[in-house]
Number of protein chains: 2
Amino acid sequence: MLQLTKRTEYGLLALVHLADREGAVASVREICERYPLPKRTVAEVLKDLQHAGLVDSTRGSSGGYTLARAPEQVTLGDVVRALEGAPPLTTCESPIVLKGGGCEVQPMCPIKSPIQRVRERLWQMLEHTTLRSLVSSGPHVSLGAPGAVESN
Amino acid sequence: MLQLTKRTEYGLLALVHLADREGAVASVREICERYPLPKRTVAEVLKDLQHAGLVDSTRGSSGGYTLARAPEQVTLGDVVRALEGAPPLTTCESPIVLKGGGCEVQPMCPIKSPIQRVRERLWQMLEHTTLRSLVSSGPHVSLGAPGAVESN
DNA sequence: TCCAAAGCGCACCCAAAAGGTGCTAATTGC
DNA sequence: GCAATTAGCACCTTTTGGGTGCGCTTTGGA
Ligand code: SF4
Ligand code: SF4
């Protein structure tokens with residue numbers, strides 16, 4: 001389907017939160033207190049983002065996550081790649097060789113290369129959408145002073 | 001997932017074939033003899049395309065499908081809409097009201113409107129990719145004279 | 001020293017979607 | 001009438017996505 005997964009949404013929300021925190025660590029609990037999201041799943045997503053090198057983690061009682069790069073350096077494409085894996089758009093032309101030998105239509109397929117062009121343009125779009133642009137545009141109600149509020 | 005379904009691929013291949021036929025009817029059997037595709041599923045897809053008004057059907061022993069519009073008038077977006085239904089990209093902002101009241105994050109969601117902009121650009125892209133451009137670009141081995149070859 | 005709060009890892013379950021099939025009509029040319 | 005074709009609907013199977021259970025490790029602070 002032509003749709004982002006919830007995992008990707010969770011990841012984006014978490015990253016936006018981290019970007020707001022400007023380098024301060026933010027725990028999963030903190031994120032889930034700000035947005036009504038399933039805590040465990042968000043934790044899973046953050047872990048994946050950590051593996052992808054998009055966030056750094058610190059363990060221990062006052063641990064949490066921080067952005068690993070500046071918000072300008074993180075793109076929607078990075079997040080999708082980290083959380084949804086391979087980006088094939090069609091079943092052929094996926095980077096990894098697929099079991100079964102791939103698509104039988106391939107040798108005579110008239111739509112393969114046009115579709116690939118579409119895919120490339122789509123990914124260009126995703127790569128050009130930075131976390132910074134997400135943070136600065138939306139309605140995005142401001143937090144209180146960093147580290148001050150968060151009543152719960 | 002950010003990926004087209006097989007149904008959409010089948011639909012595109014079928015439409016390309018119909019475009020080649022230039023107004024002549026083509027049966028599901030004929031299409032599946034040209035491309036190694038599961039006959040029944042392709043039939044199902046064609047039926048959906050018919051409901052969406054993209055193809056016309058004629059029943060009976062020498063029946064089949066024909067393009068309902070010129071190849072320039074059919075876009076990738078039309079096909080996706082016909083075969084994958086609603087195009088939300090996120091779970092909020094889908095045209096229909098969803099059960100459960102929709103996303104709880106919505107009132108404070110910082111990524112909603114940026115994501116929608118991405119969605120719009122994506123669909124612009126899909127709407128600007130016509131069936132004609134698919135037919136004329138790919139490797140697309142030419143058929144014999146229309147109605148002549150097709151040995152099987 | 002101990003405990004609570006956080007992340008880590010893995011496996012597992014449940015629901016939804018995608019892909020595909022069975023079967024039975026209805027239509028139409030030969 | 002017969003064979004080829006589309007129409008309609010229901011059903012199954014596999015895959016994917018979303019979400020949890022449970023125990024472990026790390027670390028700061030009471
Ligand atoms: S070769 Fe053509 S039909 Fe096969 S997966 Fe690629 S685009 Fe789809
Ligand atoms: S989190 Fe934001 S973008 Fe995602 S569904 Fe909710 S309101 Fe829409």
Side-chain angles (χ1 to χ4, degrees), chain A residues 1-11 13-14 18 24-33 36-52 55-66 68 80 83-88 90-91 94 98-100 103-104 150 152, chain B residues 1-11 14 18 24-33 36-52 55-66 68 80 83-88 90-91 94 98-100 103-104 152:
Chain A
M1 237 208 305
L2 213 42
Q3 181 178 326
L4 298 175
T5 65
K6 287 216 173 88
R7 287 170 52 88
T8 303
E9 266 184 64
Y10 297 164
L13 288 170
L18 291 186
V25 295
S27 66
V28 172
R29 181 185 49 75
E30 182 184 315
I31 295 175
C32 290
E33 278 166 355
L37 303 176
K39 189 170 173 182
R40 280 291 305 282
T41 306
V42 171
E44 217 68 21
V45 167
L46 264 300
K47 198 175 49 178
D48 290 348
L49 290 177
Q50 197 270 328
H51 282 141
V55 298
D56 292 326
S57 67
T58 39
R59 300 170 60 157
S61 80
S62 67
Y65 293 94
T66 59
V80 172
L83 298 179
E84 307 191 10
T90 53
T91 42
S94 79
L98 19 111
K99 78 283 182 186
C103 179
E104 288 297 325
E150 298 301 317
N152 36 9
Chain B
M1 239 211 301
L2 211 44
Q3 179 177 327
L4 298 175
T5 64
K6 286 216 173 87
R7 287 170 53 87
T8 303
E9 267 185 63
Y10 297 164
L18 292 185
V25 294
S27 66
V28 171
R29 182 185 47 77
E30 182 184 316
I31 295 174
C32 290
E33 278 165 356
L37 304 176
K39 190 170 172 181
R40 280 294 304 285
T41 307
V42 172
E44 217 67 22
V45 168
L46 263 301
K47 199 175 48 180
D48 289 348
L49 290 178
Q50 197 269 328
H51 282 141
V55 299
D56 292 326
S57 68
T58 39
R59 299 168 63 156
S61 81
S62 66
Y65 295 94
T66 59
V80 172
L83 298 178
E84 307 191 10
T90 53
T91 42
S94 79
L98 18 112
K99 79 285 180 187
C103 179
E104 289 296 327
N152 37 7

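Here is how names work: the chains are called A, B, and so on, in the same order as the sequence lines, proteins then strands, and each is numbered from 1.
Between A:L2 atom CG and D:dT16 atom P there is a gap of 17 Å when expressed in whole angstrom units. Rounded to an integer number of Å, the gap from A:L49 CG to C:dC8 C1' is 15 Å. Between the CG atom of A:L46 and the P atom of D:dG18 there is a distance of 16 Å, given to the nearest Å. Look at CD on B:Q50: it is 12 Å from C1' on D:dG8, rounded to the nearest Å. The CG atom of B:D48 sits 12 Å away from the P atom of C:dA18 (whole-angstrom rounding). Distance, A:K39 NZ to D:dT20 P: 12 Å, rounded to whole Å. Note: CD (A:Q3) to P (D:dG17) measures 11 Å, nearest angstrom. For B:H51 and D:dT6, the NE2 to C1' distance is 11 Å, given to the nearest whole Å.
In summary, of the residues considered (B:D56, B:L46, B:I31), a side chain to side chain contact (heavy atoms under 4.5 Å, CB included) with B:Y65 occurs for B:L46 alone.
Between the side chain of A:R59 and the base of D:dT25, a donor-acceptor pair under 3.5 Å is found. For a distance-only test at 3.5 Å, the side chain of B:K47 qualifies as a donor-acceptor partner of the base of D:dG8.
In the set D:dT6, D:dG19, C:dC23, the nucleotide with an atom closest to the side chain of B:R40 is C:dC23. Closest to the side chain of B:Y65, from the set D:dG17, D:dT6, C:dG20, is D:dT6. Side-chain proximity of A:T5 to D:dG18, D:dG8, C:dG7: nearest is D:dG18. Nearest to the side chain of B:S27, among D:dG18, C:dG19, D:dT6, sits D:dT6. Each of D:dT20, C:dC8, D:dG28 was ranked by its minimum atom distance to the side chain of A:S61; first place goes to D:dG28.
A salt bridge does not link A:K6 to A:E9: none of the charged side-chain nitrogens sits closer than 4.0 Å to a carboxylate oxygen.
Nearest approach of A:G63 to A:S27, heavy atoms of both residues: O-CB, 4.0 Å.
Residue A:S57 is classed as a sugar-phosphate contact, given heavy-atom separations below 4.0 Å to backbone atoms only.
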Open item on the list: Could you walk me through whether A:L4 and B:L2 satisfy the side-chain contact (heavy atoms from CB on, under 4.5 Å) test, starting with their C-alpha distance in whole Å, then the side-chain angles of each, then the deciding distance to 0.1 Å, before giving a yes or no?
Closed with: CA-CA 6 Å; A:L4 298 175; B:L2 211 44; 4.2 Å; yes

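For B:R29, no side-chain nitrogen or oxygen approaches OP1 or OP2 of D:dA4 to under 4.0 Å. Of the side-chain N and O atoms in A:Y10, none sit less than 4.0 angstrom from OP1 or OP2 of D:dG18.
B:E84 places a side-chain N or O within donor-acceptor distance of the main-chain N or O of B:T5, the cut-off being under 3.5 Å.
Between A:S62 and A:E44, it is A:S62 whose nearest contact on DNA chain C lies nearer the 5' terminus.
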